[in-house]
Structures are given as C-alpha cells and as structure tokens.
Amino acid sequence: MTEEKSLNFVEEIIEEDLKSGKYTAIKTRFPPEPNGYLHIGHAKSICLNFGLALKYGGETNLRFDDTNPTTEETEYVDSIKNDIRWLGFSWAKELYASNYFDQLYEFAVRLIQKGLAYVDDSSSEKIASEKGTPATPGVENEYRSRTIEENLRLFEEMKNGKYADGEKVLRAKIDMASPVMQMRDPVMYRIKHAHHHRTGDKWCIYPLYDFAHGQSDSIENITHSICTLEFVPHRPLYNWFIEKLEIFPSHQYEFARLNMTYTVMSKRKMLKLVEEGYVSGWDDPRMPTISGIRRKGYTPSSIRTFCDKIGVAKRDNLIDISLLESCIREELNVTAERKMVVLNPVKLIIDNYDEEKSELLETESLPNDPDKKREVSFSKTLWIEQEDFMENPVKKWFRLAPGQMVRLKSAYIIKCESFDKDENGNITEIHATYIPESKSGHDESGLKVKGTIHWVDAKNALEVEVRLYDRLFTSENPAQEENFLDFINPDSLQIKKAYAESGIKNAEPGNHFQFVRIGYFCLDPDSTNDNLIFNRTATLKEGFKVKQH
RNA sequence: UGUCCCAUAGUAUAAUGGUAGUACGACAGACUCUGACUCUGUUUGUCGAGGUUCGAAUCCUCGUGGGACAACCA
C-alpha cells in the first residue's frame, strides 16, 4: 500500500488544467540569468520545473535570461548548464532570451502602432521621480503624448544607434496612477552600446526583464511559468503584454523562495563572502552554491530528496539546515564505504602484543552489505582518538579509562592498564593489554563491553589532510542581521592532519566515505598523490555528549 | 497613509466543509563490534474576534502579525 503523496499548489493547478482540457501537455522552463552561480535555492526551482514536466509528461526548456549585456557572461552559462546536468536533469531546448531580440523588437513596434508604447527622453532620475511612490500616484510627462509616427521613428533611431546610452527609453503606456507600481508605464527598452555575449554588436538597445520574460514564455508556449514570490507584482504586467500583443497566454505562478538557517542566499552577500576572502571561492564547501555543496560531498540525489521534502508553498520560510544534512546522511549511510581514521591521535600501546607481530583483520566496509569487506592491519602500536580516553570518566562512559575495557573495532577487546602524561598534563601514551580470545568474528572470551572505538595501525598509518567544515554563520538568520559579516563563524573550517588506515590511498575523486564514528567525507579535488585531502560532508549524529567538564 | 501575497507543533509541510497527520529537530528508552543506523515512546500546533453551517484549519467579514512593490537589474 503506497500512500498517495499530497500535491503542492502548483501540481493542483496543473492537474486541474490537464483535467479540464485547458492543456493536453505542460511545458515549463528554468530561466537563469547568466550572471552568477547557481545555489541551493535555484536547485529548488530546478527540481520544481523539471520535476513537474517529468511527472506530467511535459518538457522543460533551459532559457538564459540574457537581456543585460553588461553583466552576463558565457562562463556562467557553462557553469549553470553543468550544475543542472549534475543535478540530474536534461532540458528539451537550450534557449536564450537573446534569440528573440528580433521578435521582441517587432512586438515593441506593434505596441507603438497600437498607441501603447512611447519613447521617453527623460533621465532615469526624472522617470523615477515621476513614477511616484507606492502610496502616491505618478504623473504623466510631455513625451507620453507623442504621436505614433514620431514614436516609430524615434524607436527605430534608437535601434540604429543614433542616441547615447540613457538618452531615451521606450515605455509602455499604461497608467501612471496605477496602485501597482509595475504598471506605471514601465520601461521596455533601454539603450546600451554594449557587446552582448551572444548577439555581439548587433544591438544597442536591449529589452528589460518585463518585456522579455513573458514574451519568451509565450514564444516557447510555456504553459506554466513558475517563479518566486518577488515577481507577484509583475504578473499584471506579464498578462498585459500578452493580452495586448495577442500572443500565446502563458501563465505565471509564484512560490516562496528557499531560505535556510545559518546561510545567506543572496547573490550580493555571497559575492561579498568570496571577494572579501571569507571563503576560498564560489565552490568553497561552506557556500550554498551547487558547486560548493557538491565539493562538500553532497550527491545530486540527496539534493533532489531535500527539494522534495521542503515542499512548495507561498509562505516565507526558513528551512532548518539539519533537514539538508539528514538527507545526505540518509543516503551516505547505505552507500559510503567505511574507513577508520583518527583525527586527534594519541598513542595506544598493547603491552602484551609482540613487537614484531602484525596481522590483517577483516572488517566490513558496508554494514548492510556483507560482501563488501576489506582488511586492515593491526600491530602493537595504534593511534586512537584522544576523545576516546578519559582519565576520570563521567557516568555512563563506555570508552577507555584506567582499568576499563573496550572493543577495538574489528579487532580485540583491550583493557587500559596505565597512561603517561607530559608536563602540561596532556595524555601522551596509553598502555593496554589485549585479550587474544576476543578477536572479532572468533570471540571466545565471553566478555561483554559497552564501547567500541576505532583505531589505526601506527605502523602503516597514512597521514591525510581533513577539512572539517561547519556552518559559516553563528546566526540562524544572518541575512536578517544588521551586518551579516559580524556573524561569521570563526571555526567554520578546521584543517588538520589525521591518520588513516592505509587502504584509503586508493581513494578517487567522487568517492564518499564514512570515517567510522566520525562522519562522512569525500576526496577534495585539491588532493595530490602525496597529500590526500578529505572534506567533511556531514558529521554523524552525536548520540552521547560529555556533560560540562 | 495605495496595491498585492501570506498565516497549522521549534522548523517545514498535509488535511480541498466531516478523527489535525507526516518529516526534520528535541527528549526518553530498546538494540548495537560505529553512543551511528534501526525501532519504540514523549513533547509541542490551526494568529484573534465575529459570522455562515448540523459541523470550520478550510468559506465570509473585520482586525492583528509577517512579507513584497517606488532599478534604464533579473
């Protein structure tokens, strides 16, 4: 019995449209502006748009909203395509708003001919002040009453390069007193003598978002144009252009963008983090960019699962980042091979184990898959975690302490006999004896111990670098703080050397591991043969906390 | 002194006029050769006031609270 999953509001609209026969198939689009890197918020939109088409048997176009030549670059186009593919989606067509520049120009001429658009010679400051405020109506200016013929001539001259940047704009003639700001004669075209990444120097006038996006949707026969809430006030204008142009009636629907605790999502703020060196780049594992999350070790499917779980609605939200973490843990728990790695080493000497002796012990690499096995070497001197020894154990301490026994994972039960300290009181060496009959898989000791700890054979331990990433901010909602930079977590990255079981040297890019009892890690692309670097994707859930000491 | 959007446990999200459920988190316990995983249990919710109705989280009105809109950005 599979429970029918409830629909989100967009799915409800689509099912209604399909049922009523309004459409026989749906078409969506993902419309990034190629002027920055995609982040987890975009992933939500991507999963929604592509997911809807997949679910209802439609298509999704990838359309770059490249109407502003001064900020857009091909470099971003490539990274955006790469990220979408990585997330596991493929588009029906790769399109550009700039593909439609000729058509858009013709649309504009059509509106002028209908007396619904005019050329305005005012400065941007003047236009802004004449627009009024949300609470006070705007005023009409003298250019608004130009004749159709004059508007046609001037617009063509604009196109032909007769005027300098900012000298004139083409505006829709709607209603300067509209309570909706977007309807107060919005600018449709501006003059920009700039090189465009696709159309080169063909144009010196470029349409604005409002005169490009909806028309592009319409040209592509997009049935459901899904965007975020900040475009709600644009919808009347979106519909107005379609109605006046009498073109395919695409419809716009808006959902709430993703916000996540302890992260900032705005392009401006992320840029600041990169430019001012708070992170190493756009793909720093602490960044919410797709490339950052990928480098941190998240898988495409874990992100899709996350996007599925957060839902789609219209209310402002702040998703707990622990939901994202639970998605990757859930997946990696069953797929990531186990390795033993000691992050904060202290030497453990097995007093009754022969100095010369060494043995290979078999251990499972995936607890849920008995066929996945590997061997680890064991000898007299081992590395264990400092945290696994406590001189004066607290109550319910299951690990090592003077006189206490513990199981060495996949090896033997040992008993702590003594320990050494340096002048600063730090534990430098722990001595123990092992129980030969307690070997894993052949345990005839009859002993029961509560704790099991991981370890690494000091004889052939491989030194690796681990990068322990933590949340970038100390504030749950940094974007809402006066200055988000005041809330940078000083411990968001801790780099350390660790001892790993020797077999890890075969790790390859893209491999995911669980460092037993530590967390999930992946090999960082900065790794070299002599220096393997592992990024912490997520910690394991902490089930035992040592109380204040 | 305008227009629009929104309001369900801590955080998200269902219930589409008929038993307020799920996930994440938190807490407690069981299990455990990972104090993980898994399992069990507990905790906490319909913003307020009216109205319609046999019956309202759901429909209506008025409040309250939050958000968006005044780029030649998207």
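Below, chains carry the letters A, B, ... as their sequence lines are ordered, and counting in each starts from 1.
Across the protein-nucleic acid pair, A:W455 atom CH2 and B:U34 atom P stand 15 Å apart, rounded to whole Å. Going from atom CD of A:E330 over to atom C1' of B:U38 covers 12 Å, rounded to whole Å. When the C1' atom of B:C6 is taken as reference, atom CG of A:N259 falls 14 Å away, rounded to whole Å. Put simply, OH on A:Y118 is 13 Å from C1' on B:C72, counting in whole angstrom units. Summarising the geometry, the separation between CZ on A:R184 and P on B:G2 is reported as 13 Å, rounded to the nearest angstrom. Put simply, CG on A:N368 is 17 Å from P on B:A36, counting in whole angstrom units. The CG-P distance, from A:L323 to B:A12, rounds to 11 Å in whole Å. In this structure, A:E230 places its CD atom 18 Å from C1' of B:U3, rounding to the nearest Å.
Nucleotide B:G2 has B:C69 as its partner under the Watson-Crick or G-U criteria, with both atom distances under 3.5 Å. Pair assignment for B:U52 gives none, since no Watson-Crick or G-U wobble pairing has each distance under 3.5 Å.
Remark: the A:R315 side chain and the B:G67 base include no donor-acceptor N/O pair separated by less than 3.5 Å. Counting distance only, with no hydrogens placed and no angle test, the side-chain atoms of A:H454 and the base atoms of B:A36 include no donor-acceptor pair under 3.5 Å.
Comparing A:K309 and A:D65 against RNA chain B, the residue whose closest nucleotide sits nearer the 5' end is A:K309. Residue A:F9 is the one, among A:F9 and A:P367, whose nearest nucleotide of RNA chain B lies closer to the 5' end (criterion: closest heavy atom).
Within 6.0 Å of CD in A:Q480 there are 12 or fewer heavy atoms belonging to other residues, nucleotides or ligands.
Counting only heavy atoms from C-beta outward, the side chains of A:Y105 and A:Y189 approach each other to under 4.5 Å.
Counting only N and O atoms by type, the side chains of A:Y520 and A:Q514 include a donor and acceptor under 3.5 Å apart.
Using a cut-off of 4.0 Å between Lys/Arg side-chain N and Asp/Glu carboxylate O, A:K173 and A:D120 are scored as not salt-bridged.
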